[in-house]
Number of protein chains: 2
Amino acid sequence: MAAAPAISPPIDRVFHALGDPSRRAIVERLARGPLSVSRLAEPLGITVTAVGQHLRLLESCGLVASEKHGRTRVCRIEAAGLITIAQWIAHCRELWETRLDRLGDVLGEE
Amino acid sequence: MAAAPAISPPIDRVFHALGDPSRRAIVERLARGPLSVSRLAEPLGITVTAVGQHLRLLESCGLVASEKHGRTRVCRIEAAGLITIAQWIAHCRELWETRLDRLGDVLGEE
DNA sequence: GAGATAGTCAAGTGATCACTTCACTATTGC
DNA sequence: GCAATAGTGAAGTGATCACTTGACTATCTC
């Protein structure tokens with residue numbers, strides 16, 4: 001066995017999703033306003049199929065939402081995914097600052 | 001050709017780095033205080049070699065720093081990487097809010 | 001100096017990734 | 001109804017990933 005990296009709950013998927021430049025470009029672009037799949041594909045230099053695959057992933061981790069209007073799928077940004085990672089960063093910062101506080105206490109005691 | 005996903009500047013690497021649960025655990029753990037390589041490996045259930053590989057990646061994108069003291073490598077968290085992604089999120093939020101503002105203007109005009 | 005301890009290097013492996021192409025199914029507009 | 005348009009599904013491919021093992025180099029301790 002080449003080993004398993006443990007389970008993959010949402011937060012993994014969100015970071016992983018944003019680790020890809022095409023997907024990050026999609027999110028950034030949708031932050032400016034809703035777009036169709038083919039519109040999203042245009043500047044990326046990849047096929048609509050590939051964009052569709054990225055969108056499925058982005059939707060699955062709360063970074064994008066979409067709905068079909070006729071034959072067009074309209075995509076828009078979804079805050080949930082971004083909030084997830086913002087919270088993780090905040091959590092880290094908290095741990096870090098708590099530690100600095102404790103360190104300050106110890107130094108203060110002397 | 002199976003296509004290239006474009007260039008990979010720091011921000012890609014940071015997101016990619018944090019997409020792995022072991023690496024995220026390392027960062028989280030170091031937020032509580034500095035640790036040696038083998039201490040980091042202990043709760044992860046992977047070899048020190050693997051941890052060393054993760055650390056190299058984490059260092060290369062400004063999430064961790066380390067220095068050798070004798071035969072031990074002491075690792076600590078580094079803010080740069082986290083700041084990078086926090087800024088990206090802020091950038092997205094800005095785009096999104098600007099758009100909402102413009103939308104508000106348009107609606108207000110009528 | 002000898003033996004344990006801490007980490008590193010090189011090579012290999014199976015799994016996953018980011019794409020592709022080709023065939024197909026809605027819709028839309030003349 | 002028919003052709004163009006918008007998207008989806010399945011299968012395949014090369015590249016990268018997250019690990020491993022085994023051999024090696026410091027460094028510390030007695």
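Sequence lines set the chain letters: A, B, ... in the order given, protein chains first and strands last, and positions in each chain run from 1.
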Just one of B:Ile11, B:Leu18, B:Asp12 clears the side chain to side chain contact (heavy atoms under 4.5 Å, CB included) bar with B:Phe15, so which one?
B:Ile11
Does A:Arg39 have a side-chain nitrogen or oxygen under 4.0 Å from the phosphate oxygens OP1 or OP2 of D:dA6?
no
Regarding B:Ser36 and B:Arg73, do their side chains bring together a donor and an acceptor under 3.5 Å, going by distance alone?
no
Under 4.0 Å between a side-chain N/O of B:Thr47 and OP1 or OP2 of D:dT20, yes or no?
yes
With nearest nucleotide decided by heavy atoms, which residue, B:Arg71 or B:Gly52, maps closer to the 5′ end of DNA chain C?
B:Arg71
From the candidates C:dT8, C:dA4, D:dG7, the one with an atom nearest any side-chain atom of A:Val37 is D:dG7
Given D:dA6, D:dA18, C:dT20, identify the nucleotide with an atom nearest to the side chain of A:Ile46.
C:dT20
Looking only at side-chain N and O atoms, does A:Ser38 come under 4.0 Å of OP1 or OP2 in D:dT5?
no
Among C:dA18, D:dA18, D:dG7, the one nearest A:His16 by side-chain distance
C:dA18
With a 4.0 Å heavy-atom cut-off, tell me which residues in residues 54-70 of chain A come close to DNA chain C, sorted by residue number.
A:His54, A:Gly70
Please enumerate all protein N or O atoms sitting under 3.5 Å from an N or O of nucleotides 22-25 of chain C, with distances to 0.1 Å.
none

Determine the stems involving DNA chain D; a stem requires 3 or more consecutive pairs of the Watson-Crick or G-U wobble kind, each with both distances below 3.5 Å, and the answer is none if no such run exists.
C:1-30 with D:1-30
